Amino acid sequence: MIVFVVRRIAGLVAVLFGISVLTFLIFFSVPGIDPTRAFAGRNPTPQTIAAVRHQFGLDRSKPVQYVLMMKRIFITRDLVSYGNTALKVVPAIWQAAPVTFSLVFGAAAIWIVFSIATGVLAVVFKGTVLDPLLMIFALIGISMPVFWLGEVANLITQDKLHHTFLFSWVPPLGYTPLTQDPWQWFLHLIIPWLTLSVLYIGFYARVLRANLLEVEHEDYVRTARAKGLSERQILLRHMLRTSLIPFVSLFGLDFGVLVGGGALLTEVVFGLPGVGLLTYQSLVNLDLPVIMATVIYGAFFITIASALVDILYARLDPRIRFT
Amino acid sequence: MTSVNGKQVAVIQQGGGKLGLGETPIGPTWQWNYLLGADQQGRDVAARVLYGGRASLEIGIGSALICSVVAVLFALLAGFFGGWTDTLISRVMDLIWAFPVYLLAISLSTVLLTQSQIKIGFVTVDQSSLWVPTLIIAAIYVPYVFRPVRGQVLSVREKEYVEASISQGASNLRLMFDEILPNALPTVVVMLPLMIATTILTESALSFLSIGVQPPNASWGTIIDDGQDLLYTRPMVAIAPGVMIVLTVLALNLLGDGVRDALDPRAKVRAR
């Protein structure tokens, strides 16, 4: 186990280094790109260009530039936004992170419950109309762009129907911190949670159904049947448990990706001031320091999260340690 | 197919100076010119959706094809030669794989969009060209195709007919393209419809974030972005292109399931 953990952490460090180099290369040395122009925003004056060149150390060699940049992002944390020099990028990211976490945690809880229910129902009613019907709904869920679904949700809950009893409880777009008012926090987030979870409910339900059907012919299921267990016990105690193993590793990955930037589109549509919205606002102005910092922090979060999931997984399932 | 024929439809109707509320209709209507109503500037939404579909489909299909070709070439090289070639290519692919798709696309797009023209060697690409999003989307999905194809190449390489061909003195190129490639291709064909579905969704997301297709071009994603500001006054501007995306992607997903069931016997057993 210790050997596995050490090896995994060594791999993690290598990947983190690789990601930081790759990001650096994208922002500073894509062929045909002048990084000074990139960092100076749209239509810069010659003075801005000279200032930017010096500020980012672009007059020095590439390895020095890399070290300088990483120092400003991780150690001194004094990277400032191009458009608004009062905005320090790294503290802004930390401030926005709880919003993103709130959004993703809630959505994750919803999609786990609903996807397991849908997948199990589809298997229970296999051979009837319900199974293909559920799977078609799941496929439609996968096919919908989340930002469009969010706009449709806004149209339904904020427009004319908002004045009826159905949706009069929905607050205007925005966010209230959990510590300030838990009930308002919940009301503000419920529609974004549902919107974000639709895609994953569809996807996970399909995966779970396929896994359940795959283990149906395993020996231990036959043994359980021969012992005279009820179908319900076989499905929930025996089949579902093994089918959840790939489900858990998928979940770890998707959760990391969402926190690390995947929730961007949902945050934009619902005006939630998370890391994604911060990135989006800088996208509109092509504010590269902010984008680069959020990208690096997001990628780091995802990589570290997936390493943790792997270690946890090896703890749960000893077979993995030796592969 | 209707999207492709959008070429023949006029995009800007002559409003005769009559724009705005009460003058240009809010969709849907029965007027021939404005089946889905007009947007703020009096442009017919239906025509824009058809035009936008052209860009969305071009980028979606184009990037999926480019991505597959590049991934297959690398997979052939890595799988056939093995050794340090394989290690080098696979490590680079692993690194891109570890980078989250959207973050990579956002970084590449923003950096390229800050330049008015992109010069690579002799080629100069305009910043608003459709090639920019196409190539970016193609690049970020390469590892996702590379991995399974490389695995396939590795297993095909050990087959008897490849050995037979070697004994007949076939050159490396001949082995790679005549013997191994045809047997590794089904893996790509099975993935292609799902790839196109994914690339279309990615394109719409990037365009929605204003870093995909640039004006004057339009795609379904950019029209939804326009529609965000008009959501409560002219809802059709946002709804119509979204419905088109859902229908297209749903059709591609169904096609993908069908192709997989037809070509991959193992998956067929599982699906039953």
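Throughout, protein chains are lettered first and strands after them, A, B, ... in sequence-line order, and every chain is numbered starting at 1. All values reported here derive from a predicted model rather than from experimental measurement. When reading the values below, keep in mind they use all heavy atoms of this one structure, side chains included, and skip hydrogens, waters and symmetry mates.
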> Do Val275(A) and Tyr297(A) have side-chain heavy atoms sitting under 4.5 Å apart?
Replying inline: no

>> Going by the rule side-chain hydrogen bond (donor to acceptor under 3.5 Å, both in side chains), which residues pair with Asp94(B) if we only count those two or more places apart in sequence or in a different chain?
In response: Arg91(B), Arg147(B)

> Going by atom types only, do Glu203(B) and Ser63(B) share a side-chain donor-acceptor pair under 3.5 Å?
Replying inline: no

>> Between Ile59(B) and Ser207(B), is there a side-chain heavy-atom distance shorter than 4.5 Å?
In response: no

> Pick from Pro241(B), Ala205(B), Gly221(B): which one has the most heavy-atom pairs with chain A under 4.5 Å?
Replying inline: Ala205(B)

>> Just so I understand: if I count every heavy-atom pair under 4.5 Å between each of Leu104(B), Asp225(B), Ile96(B), Val243(B) and chain A, which residue has the most?
In response: Val243(B)

>> Quick check on Phe301(A): does its CZ atom have over 12 non-hydrogen neighbours (other residues, nucleotides or ligands) under 6.0 Å away?
In response: yes

> Do the charged groups of Lys126(A) and Asp131(A) touch, with an N to O distance under 4.0 Å?
Replying inline: no

>> Has Thr134(B) got a side-chain atom pairing as donor or acceptor with Leu130(B)'s backbone, closer than 3.5 angstrom?
In response: yes

> Which atoms of Ile291(A) come close to chain B, meaning under 4.5 Å heavy atom to heavy atom: side chain ones, backbone ones, both, or neither?
Replying inline: side chain

> For Val92(B), is it the side chain, the backbone, both or neither that has a heavy atom under 4.5 Å from a heavy atom of chain A?
Replying inline: neither

>> Need one label for Ile140(A): side chain, backbone, both or neither, based on atoms under 4.5 Å from any heavy atom in chain B.
In response: both

> Which bit of Val269(A) comes within less than 4.5 Å of chain B, counting heavy atoms only: side chain, backbone, both or neither?
Replying inline: both

>> So which residue, Thr294(A), Val15(A), Thr303(A), Asn154(A), ends up with the most heavy-atom pairs under 4.5 Å with chain B?
In response: Asn154(A)

> Excluding sequence neighbours, so at least two apart, what forms ring pair (Phe, Tyr, Trp, His ring centres under 6.0 Å) with Trp97(B)?
Replying inline: Tyr144(B)

>> Check this for me: does any side-chain nitrogen of one of Arg7(A) and Asp310(A) sit under 4.0 Å from a carboxylate oxygen of the other?
In response: no

> chain A heavy atoms under 4.5 Å from Ile211(B): which part of the residue, side chain, backbone, both or neither?
Replying inline: side chain

> Heavy-atom distance under 4.5 Å to chain A: side chain of Leu247(B), backbone, both or neither?
Replying inline: neither

>> Can you list everything that forms a side-chain hydrogen bond (donor to acceptor under 3.5 Å, both in side chains) with Thr242(A)? Sequence neighbours excluded, please.
In response: Tyr220(A)

> What residues of residues 193-201 of chain B sit under 4.5 Å from chain A when only non-hydrogen atoms are counted?
Replying inline: Leu201(B)

>> Quick check for you: among Val101(B), Leu252(B), Asn253(B), which has the greatest number of heavy-atom pairs under 4.5 Å with chain A?
In response: Asn253(B)

> Given that the side chain runs from C-beta out, which part of Leu264(A) has a heavy atom under 4.5 Å from chain B: side chain, backbone, both or neither?
Replying inline: side chain

> Mind checking whether Phe208(B) and Phe147(A) have ring centres under 6.0 Å apart?
Replying inline: yes

